[in-house]
Amino acid sequence: MTKHYIEDLSKYVGEEVEIKGWLYNKRSSGKIRFVILRDGTGLAQCVIVKNNVTEEVFNSFDTLTQESSLILKGKVRKEDRAPGGYEIETTDIRIVHIASEYPITPKEHGIEFLSDLRHLWLRSAKQHAIMRVRHEIIRSIREFFDNRGFTLMDAPIFTPAACEGTSTLFETEYFDLGKAYLTQSGQLYGEAGAMAFGKIYVFGPTFRAEKSKTRRHLTEFWMVEPEVAWNDLNDNMELAEDFLEHIVTSVLKNRSNELKVLERNTEKLEKVKKPFPRVAYTEAVEILKKNGVDFQWGNDFGGTDETIISSQFDRPVIVHRYPTEVKAFYMKRDPENPKVALAMDILAPEGYGEIVGGSQREDDYDALVHRIKEHNLPMEAFEWFLDLRRYGSVPHAGFGLGIERTVSWICGLEHIRETIPFPRMIYRLTP
RNA sequence: UCCGCGAUAGCUCAAUGGUAGAGCAUGCGGCUGUUAACCGCAGGGUUGUAGGUUCGAGUCCUACUCGCGGAGCCA
């Protein structure tokens, strides 16, 4: 027998199907009863009419508790009164397991309660929709790079030193070799990859031990980081533009049902088409001043600053050429103005903040050595990295995209903790 | 680390310093088109912890613990 899934119900109108799933909710009106069945692909309303089934099947309804697992057989029909437009007229129910009293009831719950029950919360419709959008985002990211001849190159998670020297790192003992740190970016390794393969992308988890406690922060989050040999800042911005447009287009095309569940305003996502507006840091500072912010040239933008800048535009905005001081040591200075780096960030619309950070890299040996010293970084740890400038150095550029912030923006969520199956935050390590 | 808010039934929340309640969930009963169904009945409490003020504290005061939001830092 072919396997039937709820997301395919429209293909089976008039046919008998067998759905294996869990009871999401149930309602009764005496001799007609409704089971909302969940199978991982969607929800289906199954109607049980007393005269159409055996007494045993009809009465089994009474024993079913929320999240009990069962195998249900019935005939599919179009039914406007059913959520989703299709309904299963039940002919048989086989109970697999009667669930204990399920803690997540179909009413409101607090965030602490739900977070403690994250392993069960993932079954809820909204969380289910978010995870499916997350998957589509990741799928479309791989598709984008794979179709353009990029090689996937995984970077290590244990690293010997800070890669940017700014953020706080998680530290762990590493046998007889002293301390190891959990990576905060795969970028330096990505640069080695770009020199070997030309075009690569690193895709993996990254870790920040910052004591940030906001709706935009996790201690463990995923980043995708393309790095391309021979690309300059402009090439980098164009790549990022194409990339974001591809992701948003894919979600709109393949996950429209999920966006509907999330009540996402898709009109705003439809506008995410290149070219994106590009403003130099110095122009962005002017925008802030015009909006009454007392902002000093040379500082980095805060969350509220980013929101003001991005609210001027109807699509993601690229801010480029930041002051050298606020950016990482490996970013190349602008030959036309050494006060700024050839860096670029992309700010998502609707106040979702920085989702992309990137730059053209410093490819000159002497300049890079100088920057490492300037930042007080341990030179020994970067000897291998300097080799990339000793043996056939070329201009190159890349960027990093934070997956969870992207999911948060595309889904229109209040908090980043719902964008990853099991969030890790400063005060949460479980479940 | 700093600033602000909060903790009462399994869950979400009420309760002038004076008898701790409601909705949901659970159990029992009713209903042939329900949409977080609805209607009736029932069980369910060391009011976060430790002190203090008071004739009397869920309520006022102090400390602590935990949680939430934000700042800084960052993707």
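To find a chain, count down the sequence lines: A is the first, B the second, and so on, and within it residues start at 1. Everything quoted here is computed from the prediction, not taken from an experiment.
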Value in whole Å for how far the C1' atom of G33(B) lies from CD1 of Ile88(A): 17 Å

Filter on side chain to side chain donor-acceptor pair (under 3.5 Å), then keep only pairs touching residues 279-293 of chain A, sequence neighbours left out; what's left? Thr282(A)-Trp297(A)

Tyr330(A) vs Glu362(A), test: side chain to side chain contact (heavy atoms under 4.5 Å, CB included). Steps then yes/no. CA-CA 5 Å; Tyr330(A) 51 73; Glu362(A) 182 53 74; 5.6 Å; no

Before giving the answer on salt bridge (charged side-chain N to carboxylate O under 4.0 Å, His left out), spell out for Arg77(A) and Glu89(A) the whole-Å C-alpha distance, their side-chain angles and the decisive distance to 0.1 Å. CA-CA 8 Å; Arg77(A) 67 156 174 257; Glu89(A) 198 179 328; 2.3 Å; yes

Suppose we call a contact any N or O donor and acceptor under 3.5 Å apart; does that hold for the side chain of Lys211(A) and the base of G72(B)? no

Separation between the P atoms of C39(B) and C24(B), rounded to whole Å: 7 Å

Is there any protein nitrogen or oxygen under 3.5 Å from a nitrogen or oxygen in nucleotides 39-49 of chain B, and what are the pairs?
none

Identify whether any heavy atom of Glu87(A) sits under 4.0 Å from a base atom; if not, whether one sits that close to sugar-phosphate; answer base, sugar-phosphate or nothing. base

Nearest-nucleotide check on RNA chain B, His217(A) vs Thr304(A); residue mapping nearer the 5' end is Thr304(A)

Nearest-angstrom distance from the residue atom CD of Glu112(A) to P of C11(B): 10 Å

In whole Å, measure the gap between the C1' atoms of U16(B) and C41(B) for me. 34 Å

Classify the nucleic acid contact of Asp345(A) as base, sugar-phosphate or nothing, counting any heavy atom under 4.0 Å across all strands shown. nothing

Do Phe221(A) and the base of A75(B) stack face to face, with centres under 5.5 Å apart and an angle between planes under 30°? yes

Nearest-Å distance once atom C1' is located in both G72(B) and C3(B): 11 Å

Closer to the 5' end of RNA chain B via nearest nucleotide, is it Lys50(A) or Leu401(A)? Lys50(A)

For Lys50(A), look at atom NZ and say whether over 12 heavy atoms of other residues, nucleotides or ligands are found less than 6.0 Å away. yes

For the residue pair Phe150(A) and Phe145(A), does the interplanar ring angle fall in the parallel (under 30°), tilted (30 to 60°) or perpendicular (over 60°) class? tilted

Integer-rounded Å distance: G72(B) C1' and Phe301(A) CZ: 17 Å

Mind checking if Pro103(A) touches a base, just sugar-phosphate, or nothing, with heavy atoms under 4.0 Å? nothing

Do Arg33(A)'s NZ or CZ and the ring of Phe58(A) fall within the cation-pi criteria of under 6.0 Å and 45°? yes

Which pairs, with at least one residue in residues 314-323 of chain A and sequence neighbours excluded, count as a side chain to side chain donor-acceptor pair (under 3.5 Å)? Arg321(A)-Asp334(A), Tyr322(A)-Asp345(A)

Under 4.0 Å between a Lys/Arg side-chain N and an Asp/Glu carboxylate O for Arg94(A) and Glu18(A)? no

Nearest-Å distance once atom C1' is located in both G51(B) and A9(B): 26 Å

Close N/O contacts between protein and nucleotides 13-15 of chain B (under 3.5 Å):
none

For A63(B) and G27(B), measure between their P atoms and round to the nearest Å. 46 Å

Range-with-range stems of RNA chain B (Watson-Crick or G-U pairs under 3.5 Å, three or more in a row): B:1-7 with B:65-71, B:10-13 with B:21-24, B:26-30 with B:38-42, B:48-52 with B:60-64

Between Phe382(A) and Phe329(A), what is the ring plane arrangement, given parallel below 30°, perpendicular above 60°, and tilted in between? perpendicular

Roughly how far apart, to the nearest Å, are A22(B) and G45(B) at atom C1'? 15 Å

Does any pair with a residue in residues 95-124 of chain A pass side chain to side chain donor-acceptor pair (under 3.5 Å), and if so which ones, sequence neighbours excluded? Glu67(A)-Arg123(A), Thr105(A)-His109(A), Asp116(A)-Arg428(A), Arg118(A)-Gln127(A)

Partner set under salt bridge (charged side-chain N to carboxylate O under 4.0 Å, His left out) for Glu306(A), not counting sequence neighbours: none

Mind checking the CD-CZ spacing from Glu227(A) to Phe197(A)? Nearest 0.5 Å is all I need. 14.0 Å

Letter by letter from the 5' end, nucleotides 22-31 of chain B scores (B base, S sugar-phosphate only, - none; protein heavy atoms under 4.0 Å) --SSS----B

Integer-rounded Å distance: A75(B) P and Phe207(A) CZ: 16 Å

Can you tell me, in whole Å, how much space there is between the P of A15(B) and that of C55(B)? 27 Å

Nearest-nucleotide pick for Arg77(A), side chain only, options being A75(B), G33(B), U12(B): G33(B)

What's the shortest heavy-atom distance between Phe34(A) and Phe61(A), and which atoms? O-CE1, 3.5 Å

In chain order, what residues pass the salt bridge (charged side-chain N to carboxylate O under 4.0 Å, His left out) check against Arg424(A), with sequence neighbours excluded? none

Which nucleotide sits closest to the side chain of Gln45(A): C68(B), U34(B), C73(B)? U34(B)

Under the rule for salt bridge (charged side-chain N to carboxylate O under 4.0 Å, His left out), what residues qualify as partners of Asp39(A), not counting sequence neighbours? none

Closest approach to the side chain of Ile416(A), judged atom by atom: which nucleotide of G69(B), U32(B), A75(B) is it? A75(B)

Holding to salt bridge (charged side-chain N to carboxylate O under 4.0 Å, His left out), I want the full list of residues that pass it with Arg148(A), two or more places apart in sequence or in another chain. Asp242(A)

Tell me what His109(A) touches on the nucleic acid: a base, only sugar-phosphate, or nothing, going by heavy atoms under 4.0 Å. sugar-phosphate

From C-beta outward on Arg417(A), which listed nucleotide comes closest to its side chain: U1(B), A75(B), C68(B)? C68(B)

Going by the side chain to side chain donor-acceptor pair (under 3.5 Å) test, which pairs reach into residues 131-143 of chain A, not counting sequence neighbours? Glu7(A)-Arg132(A), Arg132(A)-Glu258(A), Arg134(A)-Glu404(A), Glu136(A)-Arg139(A), Glu136(A)-Asn254(A), Arg139(A)-Glu143(A), Glu143(A)-His246(A)

Among U34(B), C11(B), C68(B), find the nucleotide with the atom closest to the side chain of Ile111(A). C68(B)

Take atom CG of Leu117(A) and atom C1' of G10(B), then tell me their distance rounded to the nearest Å. 11 Å

Taking the C1' atom of each, how far is G58(B) from U8(B), in whole Å? 6 Å

Could you check how far OH of Tyr86(A) sits from C1' of U34(B), rounded to whole Å? 20 Å

From CG of Asp300(A) over to P of G72(B), roughly how many Å is that when rounded to an integer? 10 Å

Could you give the CH2-to-P distance, from Trp121(A) to C11(B), as a whole number of Å? 16 Å

Would you say His415(A) reaches C68(B)'s phosphate, i.e. side-chain N/O to OP1/OP2 under 4.0 Å? no

